[in-house]
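Working notes for the structure below.
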Amino acid sequence: MIAFVSGPVAALAPDSAVVEVGGIGIAVQCTPNTLSGLRMGQQTKLATSLVVREDSLTLYGFVDDDERQVFELLQTASGVGPRLAQAMLAVHSPDALRRAVATGDERALIAVPGIGKKGAQKLLLELKDRLGGPVGAAPAIGAPVTQGWRDQLHAALLGLGYATREADEAVAAVTPQAEAAQGTPQVGQLLKAALQTLNRAR
């Protein structure tokens, strides 16, 4: 069991990072939110979960132990593999998932690519007694939408190697989507949309 990897970031891609550990590059699958906090050449420490298959060994990386624990708990539900668990964490934070399951919020789960209405209902039943309640405080009702997503998204694009001008244009392109979102925009979803606009432009 590899509990974590620690070292300089050697490479970044839209869905993974390479961390140099003792002269060896360890490839780690990460959500956009996790990747947004990484910078080329800078030291990082990622909590990890190793998924073993007959034909592969895949290491998944997370910002902290809580996110990793939720990733592993999600897979105890039938039909949820590592890819779907990672997709759920790409769309929602661990506490947002706990809150959705605790309140029976089908719509929150349906927002995850690959989960339909029946799948969401099944997951709510199976996960209700496994995830527990939210750890952090819930956002206050009527709290202003934070503008921090712009800085986070811009920094993530720069970290992936895009030029400042490209990052500026991508942030501008997804701003309508962010402003249309209810509550605080999800940086992970915006990063995916921004990468799509950059790929089309190239």
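Only heavy atoms go into these numbers, but all of them, side chains included; no hydrogens, no water, no symmetry mates.
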Let me confirm one number: the [atom1]-[atom2] distance from [X] to [Y], rounded to the nearest 0.5 Å.
X	Y	atom1	atom2	answer
Ile26	Ser6	CD1	OG	12.0 Å
Leu74	Leu131	CG	CG	5.5 Å
Leu124	Leu109	CG	CG	5.0 Å

Could you list all the ring pair (Phe, Tyr, Trp, His ring centres under 6.0 Å) pairs where at least one residue sits in residues 96-125, not counting sequence neighbours? none
Can you run down the ring pair (Phe, Tyr, Trp, His ring centres under 6.0 Å) pairs that involve residues 90-129, sequence neighbours left out, and say none if there aren't any? none
We want to know whether Glu106 and Gln121 form a side-chain donor-acceptor pair, criterion being a heavy-atom distance below 3.5 angstrom. yes
Out of curiosity, does [Y] fall in the hydrophobic cluster containing [X] (side-chain heavy atoms, cut-off under 4.5 Å, transitive links)?
X	Y	value
Leu73	Leu50	no
Val112	Val80	yes
Leu125	Ile115	no
Leu46	Val51	no
Phe4	Leu57	no

Apply side-chain hydrogen bond (donor to acceptor under 3.5 Å, both in side chains) to [X] and list each qualifying residue two or more places apart in sequence or on a separate chain.
X	value
Ser36	none
Gln69	none
Thr103	none
Asp168	His154

Within the 4.5 Å heavy-atom criterion, are Pro113 and Val91 side-chain neighbours or not? yes
Salt bridge (charged side-chain N to carboxylate O under 4.0 Å, His left out) partners of Glu169, counting only residues at least two apart: Arg165
Partner set under salt bridge (charged side-chain N to carboxylate O under 4.0 Å, His left out) for Lys45, not counting sequence neighbours: none
Any idea which heavy atoms bring [X] and [Y] closest together, and the distance?
X	Y	value
Arg83	Gln29	NH1-OE1, 3.5 Å
Leu84	Gly79	CD2-O, 4.0 Å
Leu127	Ala77	CD2-CB, 4.0 Å
Asp65	Ala47	OD1-CB, 3.5 Å
Ala90	Asn33	O-ND2, 3.9 Å
Ala120	Ile110	CB-CG1, 3.8 Å

side-chain hydrogen bond (donor to acceptor under 3.5 Å, both in side chains) contacts in which one or both residues fall within residues 48-63, not counting sequence neighbours: Ser49-Glu72
Is the backbone N or O of [Y] less than 3.5 Å from a side-chain atom of [X], with the two atoms forming a donor-acceptor pair by type?
X	Y	result
Gln177	Ala193	no
Arg130	Thr76	yes
Arg68	Ala3	yes
Gln75	Phe71	yes

List in chain and number order the residues that pass side chain to side chain contact (heavy atoms under 4.5 Å, CB included) with Pro94, two or more places apart in sequence or in another chain; answer none if no residue qualifies. Asp66, Glu67, Val70, Leu89, Arg98
For Ala100, which residues count as a side chain to side chain contact (heavy atoms under 4.5 Å, CB included) partner, sequence neighbours excluded? Asp105, Ala108
Residues 7-23 side chain polar contacts: donor-acceptor under 3.5 Å, at least two apart:
none

